[in-house]
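Working notes, structure below.
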Amino acid sequence: AKAAGGDRYEVYDANRHDAQALRSTLAKGLRSALHRDDFTLRYQPIVRLADGVPIGAEVLLRWTHPEHGPVAPEISIDLAEEIGLIGQLGRWVLTRGCQQAARWYRDLGDRAPFVSVNLSARQLHDVGLADDLLRTLDEVGLPASQLQLELTESALLGPAQGPADALEALAAHGVRVAVDDFGTGYSNLAYLRRLPVRELKIAGAFIDGLTPGHSGTPADRQIVASVIALAHGLNLTVTAEGVETREQARLLRSMGCDHAQGWWFARPGEPDVLPRMLVGEGGK
Ligand code: C2E
Ligand code: CA
Ligand code: CA
């Protein structure tokens, strides 16, 4: 999977073990990991394409199993949903992410990057989500505008009123809502009218095809251009994900894409990559 990127996740190598046995071992490990605080978070800068200044950071979960090594976050999240731990794990990510953002905010003020936290569909349907989150923001001293939530199209689709109300309440306080991997889910766009979305994130798979020598097709450039036009027409901002080369960054900038994220700018790293980029060591 593209998302696995440069990190090597041993667990993808499923023929080493019976996949099901492995899953149950990992599920057990997940439970104790939560108790032992074995998870960590990485932060990947999101830059403004016009000048390369980091304006935000996506929060990415990391878990290293004591025997099996690094586990892909999709797998940890999947397992956590399966065994009913997603609520706890999701809250842990949100709290830690907000604590980090509050530190940046205290140190950097107006220049502080926002944090962008991934929410699973299950978390969005949790009735306590909005209250929980607003309390957390309050406790850690983070203005709501310094938090962005990333939701996939499939999480946002569906007629349920609960999630819509939760997002409405959060947005009313200033929390930003972004659509993750826009264009890879369903072609139903009605939710864009109904929900307080602020930003579309274009999946790295489409960015690959922008320039020669990658796996994409000429259609990708048209798709990216259309997403940018759609977003701007709706007064939303656009972030391109998985930007790996200077050519991609240049092209996206010339196409009017607002923000970008990817290895060309910075890999997911320790929280201090953000302040270091801000004092000018970034500069791409
Ligand atoms: P995502 O939300 O689409 O996150 C972007 C993924 O692309 C990350 O993979 C990131 O490390 C990777 N990436 C960043 N720049 C580049 C690049 O230039 N090239 C390539 N090839 N890849 C790049 P990661 O960290 O392995 O996360 C995978 C997925 O796991 C995420 O995809 C997200 O769906 C999920 N995930 C991660 N952390 C969390 C979390 O705390 N909660 C939830 N619900 N899901 C999470
Ligand atoms: Ca994401
Ligand atoms: Ca994404």
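None of the values given here were measured: they were computed from a predicted structure. Numbering of ligands and ligand atoms starts at 1, following listing order.
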N, O or S from E150 under 3.0 Å to the Ca ion (ligand 3): no
Rounded distance [0.5 Å steps], CG in L252 versus CD1 in I207: 5.0 Å
The Ca ion (ligand 2) to nearest N/O/S of N118 less than 3.0 Å: yes
Test of proximity, W264 against ligand 1: N or O pairs below 3.5 Å: no
Candidate with minimal heavy-atom separation from atom 15 (N) of ligand 1, of Q44, E74, Q261: Q44
Which N, O or S atom of D181 lies nearest to the Ca ion (ligand 3), by name: OD1
Proximity flag R62 to ligand 1, non-hydrogen atoms under 4.0 Å: yes
Contact with ligand 1 for G242, non-hydrogen, under 4.0 angstrom: yes
Name of the D180 atom (N/O/S only) found closest to the Ca ion (ligand 2): OD2
Check against salt bridge (Lys or Arg N to Asp or Glu O under 4.0 Å), K201 and E150: CA-CA 9 Å; K201 295 191 78 172; E150 297 194 8; 2.5 Å; yes
Atom name of the N, O or S atom in E58 that lies nearest to the Ca ion (ligand 2): OE2
Geometric N/O contact Q123 with ligand 1, under 3.5 angstrom: no
Residue pair V47, M277: steps toward the side chain to side chain contact (heavy atoms under 4.5 Å, CB included) verdict: CA-CA 10 Å; V47 306; M277 274 177 93; 3.8 Å; yes
Candidate pair Y105 and V140, rule side chain to side chain contact (heavy atoms under 4.5 Å, CB included), full reasoning: CA-CA 11 Å; Y105 188 70; V140 307; over 6 Å; no
Under 4.0 Å to a heavy atom of P268 - the qualifying atoms of ligand 1, by number: 11 (O)
